[in-house]
Amino acid sequence: MKTIKAQSYKELSRIAADVIAAQILGKPDSVIGLATGSTPIGTYAELADKCSRGELDFSKVTTVNLDEYVGLGGEHPQSYRCFMNRNLFERINVRPECTFVPNGCAEDLAAECRAYDARIEQLGGVDLQLLGIGIDGHIGFNEPDDHFTRETHEVTLDESTIEANSRFFASPSDVPRTALTMGMGAIMGARRILMVVNGKNKEEILRRALQGPITPRVPASILQLHPDVTVVYSEE
Ligand code: GLP
């Protein structure tokens, strides 16, 4: 595992964007796993700038997102589909039909989860997976549990996650209670993992994830078993 301490959020965003850009330059048809949350927003802005300067070409790239709230359609401003369109997809030359986010409004959510895993497999897996970390150690929406779940699945969000994510909604009661998330199989199957972590309040959970025991109670601790993880963090 490689950890890089950035001096600022701006620097963290630049470093993370450079890692993703290098991946795409080396393999223009890369499958990139993407994350939401506030931390990757700066990374996405840097990638969009590189694209508009003509330094980076997303025309052959495919993206697969980690997760989506159940019950929020792509037009809902707090859905992760909408977040991705706004912060990245509309600002780069990726083909919209090559951007995948689980459908949290699917009639049959279990079938949607199975189809999502089949899609990732059909794409040949993820080349580079971008991750954030939740305050409870979740990655994607894999919440603390007594076991790791391999497949894409529906999860009940923890109270701490609902509270943390309520800042994006009018009130905590507006935050969906469940979500679909890629499971640990697809995440750990990614050839490379890039985790971005920002803020003093994430310091303790990051230490537990990287140095503590590997346990589904701290879902991100599973990353200790992955052969190619880069963590970029800033205390800003
Ligand atoms: C959400 C996402 C996670 C993300 C987390 C952290 O819960 N499902 O993938 O890592 O937010 O978000 P932030 O970067 O805003 O702290």
Side-chain angles (χ1 to χ4, degrees), residues 6 8-10 12-13 15-17 20 32-46 63-72 76-84 86-88 100-104 113 116 126 128-145 148-149 152-169 172 174-184 186-188 190 193-206 208-210 218-223 229-236:
S8 63
Y9 176 67
K10 179 85 186 151
L12 173 156
S13 303
I15 294 169
I20 297 169
I32 308 287
L34 295 175
T36 54
S38 51
T39 314
I41 290 176
T43 306
Y44 294 154
E46 294 283 339
T63 67
V64 285
N65 261 80
L66 284 167
D67 46 14
E68 180 59 283
Y69 290 113
V70 167
L72 299 193
H76 189 289
Q78 296 313 329
S79 72
Y80 285 165
R81 161 55 77 181
C82 192
F83 172 100
M84 290 309 305
R86 192 168 63 234
N87 286 295
L88 188 64
F100 297 98
V101 180
N103 177 6
C113 290
Y116 206 69
V126 175
L128 173 66
Q129 176 66 56
L130 178 65
L131 294 176
I133 186 171
I135 201 72
D136 60 358
H138 71 231
I139 48 178
F141 266 137
N142 290 277
E143 295 282 27
D145 203 342
F148 292 114
T149 303
T152 297
H153 59 290
E154 183 176 3
V155 285
T156 300
L157 300 178
D158 275 15
E159 276 311 313
S160 65
T161 301
I162 290 169
E163 200 197 309
N165 290 2
S166 68
R167 66 190 194 275
F168 303 112
F169 292 81
D174 291 336
V175 184
R177 268 35 197 173
T178 63
L180 302 185
T181 184
M182 212 187 259
M184 293 305 194
I187 294 174
M188 290 297 283
I193 291 179
L194 171 64
M195 185 155 89
V196 287
V197 186
N198 187 48
K200 264 252 171 259
N201 63 331
K202 295 273 180 75
E203 209 172 20
E204 171 60 12
I205 192 65
L206 182 63
R208 287 175 61 201
L210 303 188
V218 182
S221 64
I222 198 172
L223 298 176
V229 179
T230 302
V231 179
V232 190
Y233 72 98
S234 149
E235 286 170 3
E236 199 183 59

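Ligands are counted one by one from 1 in listed order, and the atoms in each one are counted from 1 as well. Not measured: the values here are computed from a predicted model.
Ordered by chain and residue number, the residues placing a heavy atom less than 4.0 Å from ligand 1 are T36, G37, S38, T39, D67, Y80, G132, I133, H138, G140, F141, N165, R167, K202.
Looking only at distances, no side-chain donor or acceptor of R81 sits under 3.5 Å from a matching main-chain atom of E68.
For the side-chain contact (heavy atoms from CB on, under 4.5 Å) with R177, the qualifying choice from T156, V155, L157, I162 is I162, the only one to do so. Of the options L34, L66, I32, a side-chain contact (heavy atoms from CB on, under 4.5 Å) to Q129 is made by L66 and by none of the others.
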Distance-only donor-acceptor hits, side chain of residues 229-236, under 3.5 Å, sequence neighbours excluded:
unit_1 : atom_1 : unit_2 : atom_2 : d
S234   : OG     : N198   : OD1    : 3.3
S234   : OG     : E236   : N      : 3.1
E236   : OE1    : Y9     : N      : 2.9

Query raised in the report: Should D136 and T161 be marked as a side-chain hydrogen bond (donor to acceptor under 3.5 Å, both in side chains) after you check the CA-CA gap, both sets of side-chain angles, and the distance that decides it?
Result: CA-CA 7 Å; D136 60 358; T161 301; 3.3 Å; yes

Query - Worked check of ring-ring contact (aromatic ring centres under 6.0 Å, His included) between F168 and Y69 - result: CA-CA 13 Å; F168 303 112; Y69 290 113; 9.2 Å; no

